[in-house]
Amino acid sequence: MKVLKDLLRDGKFAFGFFVLIFLIFLAFLSFFSPYDPYRWNVVPRDTPPSWSHILGTTSRGQDVFWELCFAVRNSLAMSLIAGVFSRIIAILVGMVAGYRGGMADRFLMFLSDSFLVLPLFLIIVLIGSMAKARLSLVSLGLLLGVFGWAWDARVIRSQVLSLRERDFTYTSLLSGARTMSLIFKEYMPFLTPLVFATFIGNVSWAIGMEITLAILNVFRIEIPSLGTMLQWALNYQALLLGYWWWIGTPVVTSVMLFIALYLLSISISEYLDPRMRVQRIGKA
Amino acid sequence: MNFVKRYLLPRLIIYFLVIFIGITTVFIIPRLLPTDPVLQTITRLRAQGAYMDPESTQRTIETLQELFGLKGSLSDQYVKFWQRLFKGDFGPSFFQFPTPVMTLIKQSLPWTAALLLTTTLVSWLLGNILGGFAGYFSSRRWGKILDYFAMVIRPMPYYILALGLLILFAYVFPIFPLGGGYTIGMRLTWSWNTFLTLLRHAFLPALSLLLIGIFVWFQAMKLVVQSVKTDDFVKYAEIGGIKSNKIARKYVIKNAMLPQITGLALSLGQIFSGALITEMVFSYPGLGTLLYNSIFTGDYNLLMGITAISILVVTTSILVIDLLYPLFDPRVRYK
């Protein structure tokens with residue numbers, strides 16, 4: 001709690017934090033939606049924002065506000081799955097590579113190098129376009145998770161490499177601690193902030209990826225998400241017809257979401273890096 | 001000799017291994033997925049109203065299997081796949097049927113290469129110079145203004161930025177063309193006029209790529225510089241009374257440049273995926289548009305061809321930069 005209080009003093013963190021809280025609130029609101037997001041023509045079409053429909057309605061006869069709630073919920077859920085799944089891989093790979101060293105390290109780092117070098121985006125699109133009709137939110141999240149760990153595994157590995165050389169490692173090993181308990185009890189506290197910072201970056205990447213895939217039409221368009229909302233609006237030429245509330249809503253929401261996540265991640269990494277903290281205090 | 005053994009050889013081995021893994025992935029993915037391209041093609045032909053009796057259907061299936069390289073057992077297919085790859089043959093495109101994939105790629109590669117290579121290099125240079133000075137003189141006002149710009153532009157999804165530019169400069173203020181790489185019906189000749197037209201069409205896509213690129217490098221460089229500038233040798237130079245401009249250029253930026261060179265190599269890897277969205281928004285006639293069409297029409301051969309080629313190009317460019325690295329970093333040279 002104290003950490004949160006410290007962080008909230010940073011304007012960047014406070015802004016990102018409150019935007020995120022607001023979006024999570026929207027996501028929870030979707031459980032009380034009066035409309036089914038999968039059904040069309042439940043409200044009058046193409047009406048600009050008014051009291052009965054705060055963000056207007058679409059050409060598909062859906063309420064933009066409630067569709068947005070579902071979109072935010074799905075996008076966040078999908079990116080959380082991707083983030084958590086890739087974190088699990090990244091932690092495992094980073095720890096084994098860093099702690100074991102030797103052949104295991106060389107093999108795992110070679111693997112992560114190939115993931116960094118290969119045009120993953122094309123490969124994801126290739127998979128997506130072939131499995132178009134079968135890709136659900138969960139499987140998209142898992143798919144992005146499989147591809148999103150490489151860089152973060154390297155970061156964790158380098159941290160473990162430096163932890164391994166510290167005195168407490170020898171102390172606990174000599175006093176008979178098992179490897180697993182050493183890693184989880186002693187190393188995890190050092191790694192948690194790092195994992196958290198990379199997690200935010202990964203979530204943001206996954207949301208952007210979903211938007212791109214939806215616009216490329218390789219994701220199931222009937223599932224409401226930030227990307228598919230934008231794709232529908234573009235499909236119906238909302239831009240040329242002047243339905244700014246329809247196309248503007250997903251654009252503004254996703255831009256806000258990206259800026260919020262980005263500010264959170266830089267604020268947290270500034271907080272974690274003592275050198276940067278000193279510079280910041282020096283400036284203020 | 002030591003250089004070859006210690007530096008060149010491991011990198012060459014990794015280079016070939018990565019290519020091997022990448023190409024194998026491209027081979028495996030379509031075969032793991034439950035969709036059958038042959039069946040899909042036939043269904044599509046039927047849907048278009050073509051009548052086929054069972055015998056000709058059978059023959060069509062066999063021909064298609066031959067074309068897709070789906071004949072024989074998995075290991076046979078794999079060997080065939082590599083054989084065809086070495087000859088640069090990815091089979092015909094489905095969408096523009098008898099045209100080989102290779103011809104299509106050759107047509108559109110120069111457009112993408114020219115647009116993306118230039119913007120990647122220019123934004124790398126500009127972003128690093130700006131970021132380097134902004135990081136060293138971090139209390140100056142212009143640095144802070146650039147920082148705020150970066151904070152807004154950087155996290156923006158590229159697609160939205162590109163769309164915004166297009167709406168602003170081609171629709172609201174029609175200064176630049178709405179899309180395309182050249183005026184329709186124009187013949188490409190070696191003249192000043194052609195060059196200007198090409199430039200005018202490339203301006204908006206280039207601008208969008210530059211904006212994002214410059215600020216990404218700006219921020220990365222600024223971070224590195226901020227940690228280099230607290231190093232002892234910088235303190236020493238400051239105490240020694242060297243002019244701060246010189247310290248920034250010769251001491252700080254030069255050292256902070258090293259990780260950025262690796263970054264450049266990695267960003268060359270993003271060229272192909274970057275091209276996809278850029279060219280889609282600005283309907284620029286390069287590899288990205290080709291890719292976009294292949295995704296939309298389910299043209300697997302074309303998709304696989306482009307992916308395979310981009311793997312080759314990307315890994316090669318990274319190898320080249322890796323081999324040039326000792327020129328920049330004496331520590332690697334003398335090891």
Side-chain angles (χ1 to χ4, degrees), chain A residues 12 106 109-111 113-134 151 204 207-209 211-213 215-218 226-227 230 234 239-240 247 250-252 254-263 265-266 269-270 273 275-276 278-279 282-283, chain B residues 14-15 17-22 25-26 29-30 32-35 37 138-139 151-152 154-161 163-164 167 171 219 223 226-227 229-230 265-266 269-274 276-277 280-281 291-292 294-296 298-300 303-304 306-308 310-311 313-315 318:
Chain A
K12 280 182 279 191
R106 239 172 287 158
M109 283 308 103
F110 165 69
L111 212 62
D113 272 349
S114 355
F115 268 76
L116 282 175
V117 168
L118 294 178
L120 290 184
F121 178 71
L122 288 185
I123 294 178
I124 293 175
V125 168
L126 189 70
I127 298 178
S129 72
M130 284 174 176
K132 198 187 290 183
R134 291 180 183 78
W151 184 257
S204 161
I207 296 172
M209 210 60 185
I211 293 181
T212 315
L213 288 179
I215 284 167
L216 290 175
N217 229 338
V218 290
L226 287 173
L230 190 58
L234 288 170
L239 199 64
L240 295 178
I247 192 155
V251 170
V252 171
S254 42
V255 168
M256 289 306 267
L257 180 58
F258 281 113
I259 292 179
L261 287 174
Y262 179 70
L263 290 179
S265 80
I266 49 172
S269 49
E270 269 181 19
D273 185 350
R275 279 203 278 194
M276 293 289 293
V278 170
Q279 280 182 13
K283 260 192 286 180
Chain B
I14 287 191
Y15 169 71
L17 271 177
V18 169
I19 289 182
F20 175 76
I21 289 190
T25 319
V26 172
I29 290 171
L32 279 183
L33 291 167
T35 45
S138 58
S139 50
M151 222 172 267
V152 177
R154 168 77 208 275
M156 223 181 302
Y158 174 71
Y159 178 79
I160 288 170
L161 182 87
L163 199 66
I167 293 169
Y171 187 67
Q219 282 193 323
L223 269 181
Q226 270 170 348
S227 76
K229 101 179 177 189
T230 50
L266 284 178
Q270 306 305 314
I271 279 189
F272 286 87
S273 24
L276 181 57
I277 313 281
M280 181 185 121
V281 175
L291 192 64
Y292 181 64
S294 72
I295 293 168
F296 251 85
D299 199 336
Y300 300 130
L303 204 54
M304 274 165 62
I306 295 175
T307 314
S310 70
I311 289 172
V313 173
V314 167
T315 44
I318 289 176

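Order of the sequence lines sets the chain letters (A, B, ...), proteins ahead of strands, with each chain counted from 1.
Using a 4.5 Å cut-off between heavy atoms, A:I207 does not touch chain B at all. Contact of A:L226 with chain B is not made at all, since no heavy-atom distance falls under 4.5 Å. Heavy-atom distances place no part of A:L261 under 4.5 Å from chain B, backbone and side chain included. Residue B:L17 touches chain A through both its backbone and its side chain, counting heavy-atom pairs closer than 4.5 Å.
Atom CE of A:M256 has 12 or fewer heavy atoms from other residues, nucleotides or ligands within 6.0 Å.
A heavy-atom distance below 4.5 Å is found between the side chains of B:L276 and A:L216.
The choice from A:V251, A:L257, A:V125, A:I215 that makes the most heavy-atom pairs within less than 4.5 Å of chain B is A:I215.
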